[in-house]
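Order of the sequence lines sets the chain letters (A, B, ...), proteins ahead of strands, with each chain counted from 1. Since the model is a prediction, treat every value here as computed from it, not as a measurement.
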Protein chains: 2
Amino acid sequence: MSKSSRGGALSPGRATIHDVARIAEVSTATVSRVMSGGKPVSAEVTDRVRAAAREVGYRPNPAAQTLLRGRSQTIGVVAPDLANPYFAEILKGVAAEAAEGGHHTLVAGSDEDPDREYRSAMELARWVDGLLLCAPRMSTPRLKEVAAASRSLVLINRILRHPSIGAVVVDYQEGIRLLCEHLASLGHQRIVYLEGPPNAWSDRQRQRGFRVAEALKQTVTPVPCGSAMRDGYSAVDEALTHQPTALIAFNDHVSLGVLTRLRELGIDVPGELSVAGIDDAPMSAHMDPGLTTFAVSTVELGRLAWQRFSSDPAAGATHLSGELVVRGSTGPAPRRRRSQASAAKR
Amino acid sequence: MSKSSRGGALSPGRATIHDVARIAEVSTATVSRVMSGGKPVSAEVTDRVRAAAREVGYRPNPAAQTLLRGRSQTIGVVAPDLANPYFAEILKGVAAEAAEGGHHTLVAGSDEDPDREYRSAMELARWVDGLLLCAPRMSTPRLKEVAAASRSLVLINRILRHPSIGAVVVDYQEGIRLLCEHLASLGHQRIVYLEGPPNAWSDRQRQRGFRVAEALKQTVTPVPCGSAMRDGYSAVDEALTHQPTALIAFNDHVSLGVLTRLRELGIDVPGELSVAGIDDAPMSAHMDPGLTTFAVSTVELGRLAWQRFSSDPAAGATHLSGELVVRGSTGPAPRRRRSQASAAKR
DNA sequence: ATGAAAGCGCTAACAA
DNA sequence: TTGTTAGCGCTTTCAT
């Protein structure tokens, strides 16, 4: 009692195991045993220790625990854009699962910069037990470097044949196929594809998916774009010069920008032009018209990514498939192509 | 040379300072000096150490550094919903600023659960140098507990008079005032406010803002709602029973759900009903009609929050103001109130 | 059931 | 300029 007041409960977060040991009049080893539980300690001592711990607000120093155990109970997540709903949802899912499993989540955004992405990944690798790279844009050799520096590495939407790299990927090739078939059934022959970021593996998967177009007698013209709303907005004008009857964007986010620009131009969707996205972002169902898209469960993506850390061996890829969601933004191809004039002017 | 092969470069991330010291044939202290830089070490030794470090891929163990220094170079961010664009953007901003300042960012989502929020905060507090709580829903006593357990605590959108708690808040009261005045100028007298989550301080600020309504001869009816799109969608029907000519939602996210439901009901916006949101979410400009809203810079919010950690003393609140953005979703109040029938049916 | 002691990887005195 | 040593806070043998 008199002793305890000497302990100094001024900064509760800063009490160490020694403080507790001193107050409870036991060794630090015993305190440790009580705190971790499941160790043989007498009831009486347990109570004394618990009381002392509560008194000074003792909480074990995680750095010390990490140093000793060699594991930080922390995972790292790196994504090109933390504000992009797609990655934000994955992060939310992974962080929730990780917390469930007693792990913390460290994040870093790369702003689509492969170099920054690499540096962030290497930096986080020092800390974490497992590293999750979302749609990494860095080169393959660098990715292998990261793998070597990481205790455990999992990729989302990128595949790399490597013994210690795991992956969870969405089957975007199938997504494009479904979208093309859907458009074909509506009579669309001229499609423009708004491309994603240059180094995105998942963009290449989409491009591959377009190989079905030939069989469907469709022409697909790729137009450089990006992954953000404003990219879609800006790419519309060039897309229109190819006089498509339908337009598929890299993702729903981009489609949003597209719809806005088309509205400005007074082009009716889907009357004059059909528009489709990919991913089924939360707001896609709320657009007017609703956006036809290839729906992917980000929740599931996050869950699967976490599983790679906790259960599965690292190597190999888990494939996740999505489904076609038809809403109002796609409709029958117009009988007559819009006039050159209406397409080009502004 | 011959020695180095014994070092075993198998797991590069796991090499310790001892390995480097052995290979470079110096003491660990010297290695430490070289790695941290700015210490007096001869050029020749520096080279040897650097070479050895590169050879084994040495990277200092952050847990050991943290244990020694007492600081982890890490901040923590807790938010009610990591997938909510508002918080995702704040997170993006804070994480970017923190990285700039050589800090890592630990995140946790609370799913709007005050209890989970408290536990996450206390847990992160063990680790981090600074803790950022976004729109915390937990009770004031608990918040003080967290403050006591944290090295440094900053709140976004919540104020608490406490010597060691800093805050960055948006002036939502002003936002509501601007919105009300705007609607008044359009002749709106009957407004429904779709309330945010029960424990949100920022919701209470909004409610206070509505005190201007009286002077403007407006009636404001609050209707319980929430912070998510689906909340807005679900709350519309009850809102309509009050026969408003305008509707203000807790945030833009909610407004999106509102617009969708109104479209389903065939109610014209803004012809029959005006709708306004708060925050100016990225997609708000892309809706049809565009959403009138009180715009807040999340980027600035993130930047200011980070500044609280790096420069300012903790206590006190920084106020951030926003601006009215008028788009198509608000218009003149309809001459005649919609008939009871049309409002109630369905 | 409990304590003493070693040591995780690193850095900061203090010596030399 | 470089090495030796102590110790950050904790857990885990190994004794007792």
Over how many whole Å does the gap from [X] atom [atom1] to [N] atom [atom2] extend?
X	N	atom1	atom2	result
B:Arg71	D:dG9	CZ	C1'	17 Å
B:Arg33	D:dG3	CZ	P	8 Å
A:Leu68	D:dT11	CG	P	7 Å
B:Ile17	D:dC8	CD1	C1'	15 Å
A:Trp127	C:dC10	CH2	P	13 Å
B:Gln73	C:dT11	CD	P	12 Å
B:Lys39	D:dT1	NZ	P	13 Å
A:Leu67	C:dA6	CG	P	18 Å

Closest non-hydrogen atom pair, A:Ala305 against A:Val94: CB-CG2, 4.4 Å
Is there, by distance only and without an angle test, a donor paired with an acceptor across the side chain of B:Arg59 and the base of C:dG9 below 3.5 Å? no
Side chain of B:Arg14, base of C:dG9: donor and acceptor closer than 3.5 Å? no
Among [options], which is the nearest nucleotide to the side chain of [X]?
X	options	answer
B:His18	D:dT12, D:dT1, C:dG9	C:dG9
A:Ser27	D:dT11, C:dC10, C:dG3	C:dG3
B:Thr16	C:dC10, C:dT2, C:dG7	C:dC10

Report yes if a side-chain nitrogen or oxygen of [X] is closer than 4.0 Å to either non-bridging phosphate oxygen (OP1 or OP2) of [N]; otherwise report no.
X	N	value
B:Gln65	C:dG9	no
A:Ser42	C:dT2	yes
B:Thr30	D:dG3	yes

Do A:Arg308 and A:Thr318 meet the criterion of a side-chain donor-acceptor pair at a distance under 3.5 Å? yes
Does B:Pro40 reach a base, just sugar-phosphate, or nothing at all? Heavy atoms under 4.0 Å. base
Applying a 4.0 Å non-hydrogen cut-off, can you work out what A:Val31 is touching in the nucleic acid: base, sugar-phosphate, or nothing? nothing
Criterion side chain to side chain contact (heavy atoms under 4.5 Å, CB included) against A:Leu106, the qualifying member of A:Leu131, A:Val128, A:Val77: A:Val128
Take B:Arg158 and B:Arg137, measure what side chain to side chain contact (heavy atoms under 4.5 Å, CB included) needs, and give me the verdict at the end. CA-CA 9 Å; B:Arg158 177 147 174 186; B:Arg137 320 291 201 213; 5.5 Å; no
With DNA chain D as reference, determine whether A:Ser32 or B:Ala64 sits nearer its 5' end, using the nearest nucleotide of each. B:Ala64
Determine whether a donor-acceptor pair (N or O, by modelled atom type, separation under 3.5 Å) exists between the side chain of B:Asn157 and the backbone of B:Val170. yes
